[in-house]
Structures are given as structure tokens and as C-alpha cells.
Amino acid sequence: MPDAARAPLNTPRLRFAPSPTGFLHVGSARTFIFNWLYARRNQGTMVLRIDDTDVERNTEASVQSIFDGLRWLGLNWDEEYRQSERLALHHRAAEAIFARGLAYRDFTPAHAGEDSQSGAQGAWLSNPGMREMPRAESDRRAAAGEPFALRYRVPRGEGRVLRFADGVYGEQTKLADEVEDFALLRSAGVPKDGSSSLGLWDGMPTYHLASCVDDADLRISHIIRGQDHLTNTFKHLLIFEALASEFPNFVTPQFAHLPLLVAPDGSKLSKRKHGPVVSITTYRDAGFLPQAFVNFLCLLGWSPKNDRDFLPLDEIRDLFTLEGVNRANAVINFTDEDPFDPKAVWLNAEHIRALPVEELARELEPVFRQAGFEAPREKVLAVAPLIRERIKLLRDAVQAADFFFVDELPAYDPAELIPQKGVAAMAVRVLETAQQVLAVTAFDHDALDTALRQAAASMGLKAGQAFQPIRVAVCGRKNAPPLFETLVVLGREVCLKRIGQALPKLASLA
RNA sequence: GUCCCCGUCGUCUAGCCCGGCCUAGGACACCGCCCUUUCACGGCGAUAACACGGGUUCAAAUCCCGUCGGGGACGCCA
């Protein structure tokens with residue numbers, strides 16, 4: 001593992017610190033992306049830290065799913081840590097804070113104060129009797145094995161004002177008197193041994209403590225995170241201050257809070273309430289290109305201010321600044337029928353169109369295989385340019401190109417074979433003529449173009465009218481890629497066979 | 001309840017800091033037209049917003065105050 005302390009000074013150090021309590025959330029993904037952009041834009045270091053101090057809720061499956069999601073995005077990181085492997089550091093810090101008198105033990109049974117939240121009375125600041133408890137009594141009860149949580153002793157009655165300059169929201173201030181005595185360590189059961197005179201050792205650090213200690217230890221210089229942390233920042237300021245002598249060279253990070261991503265009804269996106277639409281694997285599996293998805297997410301709460309929407313990653317990186325970040329929450333659209341924001345879909349289509357054929361083919365191959373098609377590389381390469389402008393999501397390719405791969409066309413309505421303002425007899429005539437023409441014409445675009453147009457003219461038909469029966473016979477549907485290219489990819493044999501199969505269908509309609 | 005944040009077309013946003021160039025720009029979606037062998041792409045066009053009320057000013061989307069609305073935090077979750 002790289003030694004953080006050896007990293008060059010003055011170079012920004014960013015971190016993304018997800019907690020593994022489920023799949024990677026789109027909001028988290030955006031936070032990661034913005035951190036990454038800032039780091040890469042400013043020659044900084046990107047740290048990935050798994051914040052897994054909540055043993056109750058964390059799962060290894062969730063860690064894997066976060067890695068899957070991050071890897072799919074294709075944005076790399078430079079250092080990687082797990083908070084659960086750094087508990088000793090957190091405990092040492094807690095002990096130091098306690099020793100300095102900046103924290104106290106709270107023996108109130110866990111969860112006891114929870115329902116005070118549901119009532120609508122004033123804000124809770126601390127549990128009665130705990131903050132004031134004499135040290136001797138506190139020590140005695142701890143030594144007796146009574147469980148306790150460790151709480152920060154927030155300065156009160158001094159009129160102390162906490163302040164910081166947020167990179168997005170500007171100058172922020174709050175009275176310390178309004179900050180509650182938040183927990184640093186959770187209560188533990190009876191200590192397994194008497195190893196600590198303080199009896200602190202079994203308590204798991206809370207998010208606030210672990211996060212700040214690690215930020216200090218990893219020398220994080222910029223914290224970019226969701227706006228839901230804006231008011232927590234005052235607590236973090238207090239912790240950083242208390243940690244000053246443990247990390248003498250550490251400078252309090254610069255903070256920048258991001259507007260929240262919200263559901264169409266304006267509520268915060270949640271895994272529980274909104275389901276799979278907030279998981280980035282849903283986008284991946286539907287056939288979004290990661291660069292398109294990143295593009296979309298960047299436009300939620302940030303603007304390049306140049307009227308551009310379709311932006312390749314390197315361009316976003318070069319353009320990214322905190323000044324471009326908005327303050328108002330951004331709605332991400334989805335409904336039960338259509339789980340994807342139309343703008344995300346449009347951007348994806350744009351990115352698909354921008355892909356070189358070889359790359360598109362590489363993306364398409366697994367999609368076709370998954371649909372059960374054989375999909376040899378050569379064929380996918382030939383098909384890709386024909387559907388590139390016709391699909392919005394990669395998975396659309398299955399629908400758009402199935403007839404290139406299947407042996408037998410799925411059943412279709414024979415009436416489709418009959419052109420506009422035409423009758424069955426006309427369709428029959430067209431197909432029979434086409435059989436003769438296709439049997440002798442060279443199978444390349446220009447030759448087919450010339451021959452088929454000529455045939456249409458000789459039958460006294462407009463090209464459009466003559467082409468429809470052929471298109472339907474060969475593709476099994478009216479909407480398809482341009483005819484000549486399609487015929488070429490299909491090949492003479494398949495085309496003749498399918499036209500031969502179409503003819504009898506027409507008989508019943510005559 | 002307490003504290004904090006936010007409020008420009010349906011949505012994402014430009015403009016706001018440093019009032020006039022804003023009869024408010026772009027994009028998505030929707031609608032219409034054109035191109036065209038179908039579909040799509042592309043082109044053109046239409047509809048659509050400064051939350052409200054006061055104030056300051058010759059002039060306010062832009063500055064100030066208030067109201068209303070929305071969101072967030074207030075856990076031994078993160």
C-alpha cells in the first residue's frame with residue numbers, strides 16, 4: 001500500500017469514501033466522478049476508501065458491487081484503503097481526544113434516546129447527566145464494565161462560532177451551541193480483557209470519527225461530497241481541531257458540497273424507496289456506455305457553461321471547476337414505464353454514434369451473444385454501422401438487428417409485404433422480379449442500387465413502393481436499416497431464401 | 001420543533017458575484033415541417049421559465065427585505 005505521507009506536498013489529495021451497505025448509488029457515483037475530475041484536473045491523487053465501520057449493515061457482496069460499479073465507470077484511483085483495517089488508529093485518536101478532556105463517556109443505553117426524534121420538540125444536544133459527570137465516577141463505571149459511547153464535548157455557552165468556506169456554497173457559519181454532542185465511539189459490550197484503563201477499546205468508531213481521523217492520516221486536502229453533509233461539516237471541524245496535535249502537519253481540508261440528486265417528486269434518492277433505478281448497474285445492464293453515463297451525471301449539478309451537452313471525458317476533465325457547480329438540487333427523471341432519464345438516453349445515443357465501428361462492434365458482441373446469437377466478429381463489424389444511428393441503448397441492438405443473425409425470421413404479418421397504396425398482386429410481382437434480379441446481380445451496394453431501381457421503374461413503381469415488399473421479406477418488418485446495405489450483409493443466399501418464403505404468405509391475401 | 005441550504009421553460013441548465021448587451025440563451029422531451037426506399041440520423045421551426053410581494057435605481061432575473069414553496073441535517077447510519 002502506498003505511503004500517503006510520502007506523497008508530494010501541495011498536491012491535492014481527494015477521496016471517495018463509500019460505505020458498503022448496498023449497490024453503488026447514482027448519487028455516490030456522481031460524487032466519485034466529481035472527486036475524480038477535480039483530482040485529475042489538478043494533478044492530484046485519488047484515494048478510494050471503503051468506509052465499513054458499520055458492522056451491522058456492511059456486506060462483502062456490497063463491497064464487490066461497489067467495485068464492479070466503479071470499474072465499469074472506468075475512472076481509476078491511486079490508493080485504496082479499508083476503514084475496518086485502521087481501527088487501531090481511530091481508537092488511538094479517540095483516546096487522545098478523551099485524554100484531552102474534549103470528549104466524555106455517555107452511559108445512556110444505546111437507542112434510548114431514539115424516539116425523542118419523532119416528537120417535534122427542540123433539538124437534542126446531549127443526554128442529561130453525562131456531560132457533567134465527574135471524571136472519577138466516569139472512570140469507575142467504565143472500569144466496572146458498564147458500556148458507554150464516547151461523545152464529543154461541544155463547547156457551550158462560549159458563543160463560539162464555527163466557520164468554513166465551502167467551495168460551492170460559500171461562507172458557512174454555525175453557533176457551536178447548536179451542535180449536539182455527537183458520538184465518536186459506539187458503546188461496546190463489557191471489555192474482553194482489562195487491556196485499556198479507559199475501557200475505550202471495544203467501541204467501534206462512528207462515521208464522524210473514523211472519517212476525520214482517516215482524512216487527517218491520509219492527508220486529504222479536498223473533501224467533495226453530497227450536500228447532506230453540509231451541516232455535519234461543523235462537527236468535522238471540531239474533530240479536526242481536536243486532532244491537531246496527533247497530526248501536526250495536517251491542514252483542515254477544503255470542503256465543497258454538491259447539490260443532491262433527487263427523484264422526480266423532489267425527495268432524496270433512496271435505494272429503499274426508488275429501487276434499482278438508483279443503482280448504476282441498472283444503467284450498465286441496460287446498455288449505457290460508461291462515458292455517456294458519466295457525461296450525464298456530470299451535467300446534473302455542474303455546467304461547462306459553453307452550451308455543450310455532449311462531452312467526452314477528457315473534455316469534461318479539462319473544463320471541470322468547482323465554480324461550475326450549482327447549488328440547487330437536480331432532478332433525475334424516471335417513471336415506472338421508463339426508468340431512464342430521457343437526456344441520459346439521448347446522450348447515450350450520441351456517444352454510440354460517436355464510437356468508431358470497431359469499438360461499437362466490441363460493445364455489441366456480448367450483447368448479441370447474450371441474446372443467443374452466434375455473432376461472429378466479421379458479421380458484427382458489418383452490422384454495427386447499419387444500426388449505429390438506430391439504437392439508443394446497446395441492448396436495443398438485439399431488436400434492431402435480430403434478422404441478421406437468426407436462421408428463421410420470426411412470424412410477421414404478411415400484410416406488411418404489401419406496399420402503400422398497393423395490392424397483394426403487386427407485392428407478388430415485386431418479389432418475383434426481385435428474385436430474378438438478385439439471382440444475377442453482383443451483391444454490392446451500387447450494383448444492387450442500380451438493378452433494383454431499374455426493376456422498379458420497369459414495373460412502373462416508385463422506388464419506395466418496390467422496396468417495401470423486399471425489405472419486409474428479408475427483414476421481417478417495415479422498419480429496418482437501408483435496403484441495399486442490408487441485402488449485402490445478408491448475402492444472396494439468405495435474401496433469396498427469405499423472399500421465397502414470403503411469396504406463399506401472400507397467396508392467402510390475394 | 002431547531003438549525004442550514006435552495007428556488008430561471010416539464011427536466012438539465014446559461015445569465016446573477018461586477019444591475020442596462022435579456023423582447024431571458026442552449027439542451028432533452030413534446031409538436032410541426034424538410035430531407036428520405038422504411039426506420040433512424042440530420043436540418044429548420046413552434047410551444048414553454050426569471051416562485052410571490054415590497055423596496056433601492058433612470059433601469060432588476062441580477063442588489064436589499066419579507067412571504068411562500070422545496071430540500072437537507074439534527075442516530076451509538078453513513
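Small disclaimer: the values here were computed from a predicted structure and weren't measured. Proteins come first, then strands; the chains are lettered A, B, ... in the order of their sequence lines, and each starts at number 1.
- The same atom, P, is picked in B:rG20 and in B:rG72; the two are 35 Å apart, to the nearest Å.
- The side-chain hydrogen bond (donor to acceptor under 3.5 Å, both in side chains) search around A:Arg86 returns A:Asp214, A:Asp217, not counting sequence neighbours.
- Applying the side-chain hydrogen bond (donor to acceptor under 3.5 Å, both in side chains) test to pairs two or more places apart or on separate chains, those with a residue in residues 172-183 of chain A are A:Tyr104-A:Asp181, A:Arg131-A:Asp181, A:Arg156-A:Asp181, A:Glu180-A:Lys235.
- Between B:rC5 and B:rU47, the distance separating the two C1' atoms is 33 Å to the nearest Å.
- Remark: A:His257 pairs with A:Asp166, A:Arg225, A:Thr233 by the side-chain hydrogen bond (donor to acceptor under 3.5 Å, both in side chains) rule, at least two apart or across chains.
- Take A:Arg395 and apply the side-chain hydrogen bond (donor to acceptor under 3.5 Å, both in side chains) test, not counting sequence neighbours, and it matches no residue.
- Nearest nucleotide to the side chain of A:Gln172, out of B:rC5, B:rC3, B:rC28: B:rC5.
- Comparing B:rG72, B:rU38, B:rC6 against the side chain of A:Arg327 picks out B:rC6 as the nearest.
- Applying a 4.0 Å cut-off to non-hydrogen atoms, the residues of residues 15-29 of chain A that approach RNA chain B are A:Ser19, listed by residue number.
- The side chain of A:Arg151 approaches B:rC76 more closely than any other nucleotide in the set B:rA73, B:rC76, B:rU38.
- Listed by first and then second residue, the salt bridge (Lys or Arg N to Asp or Glu O under 4.0 Å) pairs involving residues 325-348 of chain A are A:Asp309-A:Lys343 (not counting sequence neighbours).
- At the phosphate of B:rC5, neither OP1 nor OP2 sits under 4.0 Å from any side-chain N or O atom of A:Thr231.
- Considering only residues two or more places apart in sequence or on other chains, A:Tyr412 meets the side-chain hydrogen bond (donor to acceptor under 3.5 Å, both in side chains) condition with none of them.
- In this structure, of B:rA73, B:rU38, B:rC39, it is B:rC39 that holds the atom nearest to the side chain of A:Arg390.
- The side-chain hydrogen bond (donor to acceptor under 3.5 Å, both in side chains) contacts involving residues 293-307 of chain A comprise A:Asn295-A:His351, where partners must be two or more places apart or lie in separate chains.
- With no hydrogens or angles considered, a side-chain donor-acceptor pair links A:Asp106 and A:Asn127 at under 3.5 Å.
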With the sugar-phosphate defined as primed atoms, P, OP1 and OP2, and the base as all remaining atoms, what B/S/- string results for nucleotides 13-22 of chain B, 5' to 3', for protein heavy atoms under 4.0 Å? SSS-------
